[in-house]
Amino acid sequence: MLISTLVSFIYQDGVTFRLLMSGLSVLVIGAIFMLSSLDHKKEMNKREGYIVVSFGWIIMALSGTLPYFLSGTIPSFTNAFFETMSGYTTTGASILNNIEAVPHGVLFWRSLTHWIGGMGIIVLAIAILPLLGIGGMELFAAEAPGPSADKLHPRITDTAKRLWLIYFSFTAIETFLLSVAGMPFFDAINHSMATLSTGGFSTKNASLAFYNGQPVIQYIVILFMFLAGMNFVLSYFAFKGRIQKILRDEEFKLYFWFVAVFTVVAALTIYLFADPTRSTVAHPMVWGEAESAFRHGLFQVVAIVTTTGFVSADYTMWTPFLVVFFFGLMFLGGSSGSTAGGVKVVRHLLMIKNGFLEFKRTLHPSAIVPVRYNKRAISGDIVFNILAFFILYMLSFIVGSLGFSMLGLDFQSSIGAAASSLGNVGPALGDFGPVNNFSAMPVIGKWWCSFLMLIGRLELFTVLILFTPFFWRNR
């Protein structure tokens with residue numbers, strides 16, 4: 001918030017003092033609680049790790065409303081909480097109708113919530129908590145995005161620092177490239193933070209469709225969306241020159257082929273069947289050209305697979321097939337260990353492998369046929385965990401859709417809002433499509449969205465386990 005205050009002062013946008021008060025308020029309150037807990041027992045088990053992660057995100061979302069609320073940008077507390085939760089969970093859904101009228105300092109704060117939430121507030125805390133004498137492995141296990149937490153270093157604090165270094169480096173490189181490509185520096189740094197966090201908040205009302213006349217900008221964003229959807233551990237290996245380790249990784253290969261095949265399908269459909277008279281983008285595409293169809297197909301596939309949520313056009317106006325196609329991609333998700341949301345590619349990979357092995361087990365019931373990942377046998381517990389996660393994810397989607405339908409939303413809007421919120425995608429379908437926002441969502445619906453965003457970002461179990469009675473029983 002203090003960095004956003006500095007940005008506000010530089011641009012003289014009229015909200016500097018209010019942002020300063022926001023930053024000082026949370027600093028003072030945080031310091032009071034920190035000092036009052038210095039004599040507490042510095043031990044944390046897995047149960048307490050789940051509590052700290054879940055309530056930590058809620059408290060961060062509550063405190064994150066202050067810049068919106070005090071600056072008058074979003075006077076409604078419900079809307080301010082929705083925008084903040086959408087930012088921290090890197091969903092990218094917004095209630096702002098005129099983003100370009102928002103003060104620079106507030107826009108920067110909005111993008112920062114993405115950037116902080118992308119790598120994980122808790123991963124950041126892992127590098128700080130040891131200063132208080134608190135170990136961080138329990139937190140990392142609760143927050144790590146995927147079925148397993150890859151460690152780059154035996155010490156968890158060093159792992160967190162390496163992840164943040166890669167994250168910061170990618171952000172700086174993309175900011176530089178976007179600036180060179182012609183995007184104003186302020187827009188470049190905001191879009192870079194949104195890209196690397198796979199969030200999708202833009203400084204333009206039309207999102208990346210504003211730059212349809214500058215294809216190089218969209219290609220740069222596509223590249224970094226793809227990198228952000230990769231496992232950051234693989235990015236670390238890339239920096240170390242261990243390229244073969246990346247090319248041999250089964251999840252990366254499937255992630256690459258998913259993007260490649262889905263892009264071909266989307267691009268061909270756009271090129272052959274899309275109706276240019278129904279396009280509602282800010283800068284209409286040059287229809288009929290293969291490059292345009294390829295770029296917009298690739299852009300939307302990568303944006304949805306990685307759950308970034310940027311849009312280069314209103315894809316709901318292309319063809320009914322592509323509407324259903326992109327809706328299905330909302331359930332895919334990026335790689336484990338990435339900032340992307342969704343189910344994650346590795347889970348799909350292991351479920352597919354296990355499904356095929358069931359045929360073999362049916363023919364040979366006495367054979368022991370383990371699921372293998374990167375040439376290593378995966379324990380049955382991990383397979384069961386993945387299957388349980390997928391069932392719980394689909395049940396959460398169904399319950400989420402029913403919740404929206406009870407508020408009077410139509411079928412397409414209900415399933416779109418549920419899939420988008422749970423998968424942290426951003427743009428949805430129906431009334432909440434890529435050229436609309438969530439401002440028309442009923443108040444209760446916004447709180448329901450916020451809950452779905454939270455459980456989706458924290459991998460379901462981390463939050464939902466708090467609702468089980470045995471979690472709170474005495475040991």
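Side chains are part of it too, since the values below use all heavy atoms of this structure and drop only hydrogens, waters and symmetry mates.
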(request) Could you pull out all residues at least two apart from Ser207 that satisfy side-chain hydrogen bond (donor to acceptor under 3.5 Å, both in side chains)? (result) none

(request) Identify the two heavy atoms, one from Ile222 and one from Val302, that lie closest to each other, and give their separation to 0.1 Å. (result) O-CG1, 3.9 Å

(request) Quick one: which residue pairs count as a salt bridge (Lys or Arg N to Asp or Glu O under 4.0 Å) with a foot in residues 173-198, not counting sequence neighbours? (result) Asp187-Lys204

(request) I would like to know whether Leu429 and Thr316 meet side-chain contact (heavy atoms from CB on, under 4.5 Å); could you show each step before the answer? (result) CA-CA 7 Å; Leu429 303 176; Thr316 62; 4.2 Å; yes

(request) State, with a plain yes or no, whether a side-chain heavy atom of Gln218 is found less than 4.5 Å away from one of Phe310. (result) no

(request) Looking only at non-hydrogen atoms, find the nearest pair between Gly23 and Met1 and report the distance. (result) CA-CB, 3.7 Å

(request) For residues Ser338 and Asn231, determine if any side-chain heavy atom of one lies less than 4.5 Å from a side-chain heavy atom of the other. (result) no

(request) State, yes or no, whether a side-chain contact exists between Tyr68 and Asn79 at a heavy-atom distance under 4.5 Å. (result) no

(message) Testing the basics here: between Val301 and Ala266, what is the closest heavy-atom pair and its distance to 0.1 Å?
(response) CG2-CB, 3.9 Å

(message) Apply side-chain hydrogen bond (donor to acceptor under 3.5 Å, both in side chains) to residues Thr198 and Thr308 and explain how you reach the verdict.
(response) CA-CA 4 Å; Thr198 63; Thr308 306; 5.0 Å; no

(request) For the residue pair Gln300 and Trp318, establish whether any side-chain heavy-atom pair is separated by less than 4.5 Å. (result) yes

(request) State, yes or no, whether a side-chain contact exists between Tyr211 and Val216 at a heavy-atom distance under 4.5 Å. (result) no

(request) Please round to the nearest 0.5 Å and tell me the distance separating atom CG of Leu454 and atom CZ of Arg457. (result) 10.0 Å

(message) Could you work out, with ring-ring contact (aromatic ring centres under 6.0 Å, His included) as the rule, every residue matching Phe262, not counting sequence neighbours?
(response) Phe258, Phe325

(request) Apply salt bridge (Lys or Arg N to Asp or Glu O under 4.0 Å) to Glu251 and list each qualifying residue two or more places apart in sequence or on a separate chain. (result) none

(message) By the definition side chain to side chain contact (heavy atoms under 4.5 Å, CB included), identify the one residue from Val259, Thr307, Ile304, Val425 that meets it with Leu329.
(response) Ile304

(request) Taking the six-membered ring for Trp and the full ring for Phe, Tyr or His, determine whether the centres of Tyr11 and Phe108 are under 6.0 Å apart. (result) no

(message) With a sphere of 6.0 Å drawn around CZ of Phe17, does it hold more than 12 non-hydrogen atoms of other residues, nucleotides or ligands?
(response) no

(message) Applying side-chain hydrogen bond (donor to acceptor under 3.5 Å, both in side chains) to Ser202 and His191, what does each step give before you reach the verdict?
(response) CA-CA 6 Å; Ser202 175; His191 282 101; 2.8 Å; yes

(message) Test of understanding: with salt bridge (Lys or Arg N to Asp or Glu O under 4.0 Å), list the residues that count as partners of Glu100, not counting sequence neighbours.
(response) none

(message) Just checking Phe168: does its CZ atom have more than 12 heavy atoms from other residues, nucleotides or ligands closer to it than 6.0 angstrom?
(response) no

(request) Run the numbers on Val323 and Thr319 for side-chain contact (heavy atoms from CB on, under 4.5 Å), then give the verdict. (result) CA-CA 7 Å; Val323 174; Thr319 67; over 6 Å; no

(request) Could I get the full list of side-chain contact (heavy atoms from CB on, under 4.5 Å) partners for Leu223, not counting sequence neighbours? (result) Leu227

(request) Examine the side chains of Glu83 and Ser94 and answer whether a donor and an acceptor come within less than 3.5 Å of each other. (result) yes

(message) Checking Ser414 now: which residues fulfil side-chain hydrogen bond (donor to acceptor under 3.5 Å, both in side chains) with it, not counting sequence neighbours?
(response) none

(request) Say whether Thr91 and Ser86, considering side chains only, have a donor N or O and an acceptor N or O under 3.5 Å apart. (result) no

(message) Ser450: which residues meet the side-chain contact (heavy atoms from CB on, under 4.5 Å) condition with it, sequence neighbours left out?
(response) Phe81, Phe82, Met85

(message) Within the 3.5 Å criterion, strictly below it, is a donor on Ser76 or Thr78 matched to an acceptor on the partner's side chain?
(response) no

(message) To the closest 0.5 Å, what do you measure between CD (Glu459) and CG (Leu464)?
(response) 11.5 Å

(message) If you define the side chain from C-beta out and look only at heavy atoms, does anything of Leu422 sit under 4.5 Å from Leu460?
(response) yes

(request) Give a yes or no answer on whether the side chain of Ser63 reaches the backbone of Met60 with a donor-acceptor pair at less than 3.5 Å. (result) yes

(message) We want to know whether Asn436 and Asp431 form a side-chain donor-acceptor pair, criterion being a heavy-atom distance below 3.5 angstrom.
(response) no

(message) Looking at every heavy atom in both Ser25 and Met21, which two are closest together, and how far apart are they?
(response) OG-O, 2.6 Å

(message) Run Trp109 and Thr5 through side-chain contact (heavy atoms from CB on, under 4.5 Å) and show every step you take.
(response) CA-CA 9 Å; Trp109 166 247; Thr5 302; over 6 Å; no

(message) Test of understanding: with side-chain hydrogen bond (donor to acceptor under 3.5 Å, both in side chains), list the residues that count as partners of Thr263, not counting sequence neighbours.
(response) none

Under 3.5 Å, sequence neighbours excluded: what are the donor-acceptor pairs made by side chains of residues 397-406?
unit_1	atom_1	unit_2	atom_2	d
Ser401	OG	Phe397	O	2.9
Ser405	OG	Ser401	O	3.4
Ser405	OG	Leu402	O	2.7

(message) Testing the basics here: between Ser312 and Ala209, what is the closest heavy-atom pair and its distance to 0.1 Å?
(response) O-CB, 3.4 Å

(message) Please report whether the ring centroid of Phe170 lies less than 6.0 Å from that of Phe239.
(response) yes

(request) Could you tell me the separation between the CG atom of Leu96 and the OG1 atom of Thr73, rounded to the nearest 0.5 Å? (result) 8.0 Å

(message) Is the shortest side-chain heavy-atom distance between Met441 and Cys449 below 4.5 Å?
(response) yes

(request) Just say parallel, tilted or perpendicular for the rings of Phe77 and Trp447, cut-offs at 30° and 60°. (result) tilted

(message) Let's go through Asn424 and Thr90 carefully: what are the C-alpha distance in whole Å and the side-chain angles of both, what is the deciding distance for side-chain hydrogen bond (donor to acceptor under 3.5 Å, both in side chains) to 0.1 Å, and is it a yes or a no?
(response) CA-CA 6 Å; Asn424 305 136; Thr90 72; 5.2 Å; no

(message) For residues 192-203, which residue pairs pass the salt bridge (Lys or Arg N to Asp or Glu O under 4.0 Å) check, not counting sequence neighbours?
(response) none

(request) Any chance you could measure Tyr271, atom OH, to His296, atom NE2, to the nearest 0.5 Å? (result) 14.5 Å

(message) Quick one, Thr339 and Phe232 - any side-chain contact, counting heavy atoms below 4.5 Å?
(response) yes

(request) If the plane angle is over 60° it's perpendicular, under 30° parallel, otherwise tilted; pick one for Phe461 and Phe389. (result) tilted

(request) Please identify each residue that fulfils side-chain hydrogen bond (donor to acceptor under 3.5 Å, both in side chains) with Thr171, with sequence neighbours left out. (result) Trp115

(request) Calculate, to the nearest 0.5 Å, the distance between atoms NZ and OG belonging to Lys446 and Ser439 respectively. (result) 6.5 Å

(message) Rounded at 0.5 Å granularity, tell me how far CZ in Phe226 sits from OG1 in Thr306.
(response) 10.0 Å

(message) If you compare all heavy atoms of Thr84 against all heavy atoms of Ala61, which two are closest, and at what distance to 0.1 Å?
(response) CG2-O, 3.4 Å

